[in-house]
*Asks:* 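One structure, pasted below without further comment.
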Amino acid sequence: MAAIEVRDLVKNYNGFPAVRGVSFSVEEGEVFGFLGPNGAGKTTTINILCTLLSPTSGHAFVNGYDCTGEPGRVRSSIGLVFQDVTLDGELTAYENLKFHCYLYNMTRRLTEERIEEMLAVVGLWERKDDFVKNFSGGMKRRLEIGRGLLHRPKVLFLDEPTLGLDPQTRFRIWQFIGGLKEKEGSTIFMTTHYMDEAEVCGRIAIIDNGRIIACASPGALKNSLKGDTVYLKTADDGRAQVELEGKFGLASKRLESGLKLIVPNGEKVIPKILSGLAVEVNEVNLKKPSLDDVFLHLTGREIRDEESAAGGERPKAERGRKRVARMIMR
Amino acid sequence: MSYKAIYVIVSREFKRFFRQRGRLLTTIARPVLWLFIVGAGLMRIIDVRAHGNYMQFMLPGVIGMTVLFSSIFSTISVVWDREFGFLREMLVSPVSRVTIVAGKLLSGTSLALFQGTALLLIAPFIGLGVGIKEIVLMVFLITLVSFSLTAFGLFIAAHLDSLEGFNVIMNFIVLPMFFLSGALYPVENLPSFLRYLTFVNPLSYGIDSFKHVLLKGGGTLTSEFPLSLDIIIVGVFAAVMTYFSSRAFERR
């Protein structure tokens, strides 16, 4: 049985399509990533899977339960870490976790056991009686992830788990999540628009404009580009271009200064070029394909462009959250 | 319904209440300010020596005010939780919406009950005798009034998107409710237009029931409706508001 099964999922907001027919499935124990720019439909999909939104059409199953028909069963079998902090700052770390355990109807003994264990895992045992409002962003994140795991969910959803954190903290959180997979064997479903973050996943679905445009392991996605990029700066780019074409049969592209060529195996090709070219080479640069390049190749845009065009990531996330909150409560 | 969930929701509200110093201080200071500053001033110009004094008359009204503010303010936590995302922690848990509403209702009611009852401590200092019988009756009546107002507050909060909206509610619903409740002056002396407004204000009946228990002097400054009518009206208001507030939360 697949941990998550989604078929032809569609969600419209007042006629505007946010998700337009998405299908995928996630196996048990897999770390599956949803990668795409803001507004691509990632959070909407996660909210449908977590029973916070109902889909316009299509089906979603989590742990074999129907997200629309059996929301209660879905809810007890999943853990969720939201994009933004959902802890109560007026409560201590311990009290926040206790609140969670009681919502999930755990016994007092089990609650104490699990909290102690989980606070040790997230490295916050020493701070258990401190108010959460005094915690740093990274500490809050760790506490939230720990909280999401207290009731041993079969599937853990992480919505942009490291949004707004500094690189060092992001790195620690990723180490931590990697460890969780080993120790707890949970299935992890995450969304992100950080490319380096997506590398952690076993499989990635690239989502753009509400559609999945590619779905494979990070390695396979990058290999699909079939090539490394080599940048050359020479004393005479024009002559170099002619020589590359003539001697090596390599097509290259003139940049503002220098040349760019795509080759199957950069490490092997560069020494040959250097010894073979008559033109003096001033600079060589080799770039292995990244998921950024994959996204660029598939959509013709850079994922980061979207972000700056949207005017930063925070306000957008905020709007989406409020919209969702309204949908739920009203 | 999960009792554990209700317990933990209520205990969270209590912890928050006692940890927010400003809120605790306001709770103590507001009734004292009304009684001993507004009351002391008005006592000089309102001559009611025959039927006790004005400060005594104000106590049931000030208890009503405290219960009103406390009940409505405790429901702001719903708006707060939504604004700061904590509500989603509850909504994605297996706990039903009804349980969340029950938890908020219970915590709002008990916080208001606690604050309203504490004000009875002032009674001996302004010359009002309060015995066991009065205390028991007052606890019952304050519980009923707190419950109805918390349900009313939850109904409003379910429709609010932001904390800014709460200010509007304060000015256009809560304050008029207080002023038109007979808390500060007898209802029967009001011009007829305003008097009709007090008749549709459920708080008038709540405060009137407090007057039944606390003021026994007779004359103009006592209760104006029969106690049974007070209890029935507040009870019906509580039932209707509970129904509407849980419905407001069920909608998806």
*Asks:* Measure distances from A:H100 to the heavy atoms of chain B and classify the residue's part below 4.5 Å as side chain, backbone, both or neither.
*Replies:*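 A:H100 touches chain B through backbone and side-chain heavy atoms alike.
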*Asks:* Less than 4.5 Å to any heavy atom of chain B: does that hold for the side chain of A:F99, its backbone, both, or neither?
*Replies:*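 The answer is both parts of A:F99.
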*Asks:* Counting distance only, does the side-chain N/O of A:D66 pair as donor-acceptor with the main-chain N or O of A:T68 below 3.5 Å?
*Replies:*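 Such a contact is found between A:D66 side chain and A:T68 backbone.
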*Asks:* Could you tell me which portion of B:S2 (side chain, backbone, both or neither) has an atom closer than 4.5 angstrom to a non-hydrogen atom of chain A?
*Replies:*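 For B:S2, the side chain is the part near chain A, not the backbone.
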*Asks:* Using a cut-off of under 4.5 Å for heavy-atom pairs, which of B:D81, B:V92, B:I6 has the most such pairs with chain A?
*Replies:*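 Going by pairs under 4.5 Å, I would pick B:V92.
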*Asks:* Do A:K154 and A:T187 pair up side chain to side chain, a donor and an acceptor below 3.5 Å, judged on atom types alone?
*Replies:*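 A:K154 vs A:T187: no donor-acceptor pair found between side chains.
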*Asks:* Judged by atom type as modelled, is there a donor-acceptor pair below 3.5 Å linking the side chain of A:D159 to the main-chain atoms of A:F82?
*Replies:*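 Looks like no, no N/O pair under 3.5 Å.
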*Asks:* For the backbone of A:G36 and the side chain of A:K42, can you confirm whether one donor and one acceptor N or O come within less than 3.5 Å of each other?
*Replies:*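 At least one qualifying donor-acceptor pair exists.
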*Asks:* Please state whether the side chain, the backbone, both or neither of A:R147 comes within less than 4.5 Å of a heavy atom of chain B.
*Replies:*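 For A:R147, side-chain heavy atoms alone lie under 4.5 Å from chain B.
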*Asks:* Roughly how far, to the nearest 0.5 Å, is the OG atom of B:S71 from the CD1 atom of B:I76?
*Replies:*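 The distance works out to 13.5 Å.
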*Asks:* Non-hydrogen atoms of chain B under 4.5 Å away: do they reach the side chain of A:E144, the backbone, both or neither?
*Replies:*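 Interface part for A:E144: neither.
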*Asks:* Which bit of B:Y7 is near chain A, if near means a heavy-atom gap under 4.5 Å: side chain, backbone, both or neither?
*Replies:*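 Contact with chain A is through the side chain of B:Y7 alone.
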*Asks:* Against chain B, work out which of A:V74, A:T86, A:L80 has the most heavy-atom pairs shorter than 4.5 Å and name it.
*Replies:*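 Going by pairs under 4.5 Å, I would pick A:T86.
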*Asks:* Do B:K4 side-chain atoms and A:M106 backbone N/O form a donor-acceptor pair below 3.5 Å?
*Replies:*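 Flag set: sc B:K4 to bb A:M106 pair under 3.5 Å.
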*Asks:* Given heavy-atom pairs under 4.5 angstrom as the criterion, report whether the side chain, backbone, both or neither of A:I78 touches chain B.
*Replies:*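 Answer is neither: A:I78 stays 4.5 Å or more from chain B.
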*Asks:* Test the A:K133-A:F135 pair against the cation-pi criterion, namely NZ or CZ under 6.0 angstrom from the six-membered ring centroid and within 45° of the ring axis.
*Replies:*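 Negative - A:K133 is either too far from the ring of A:F135 or too far off its axis.
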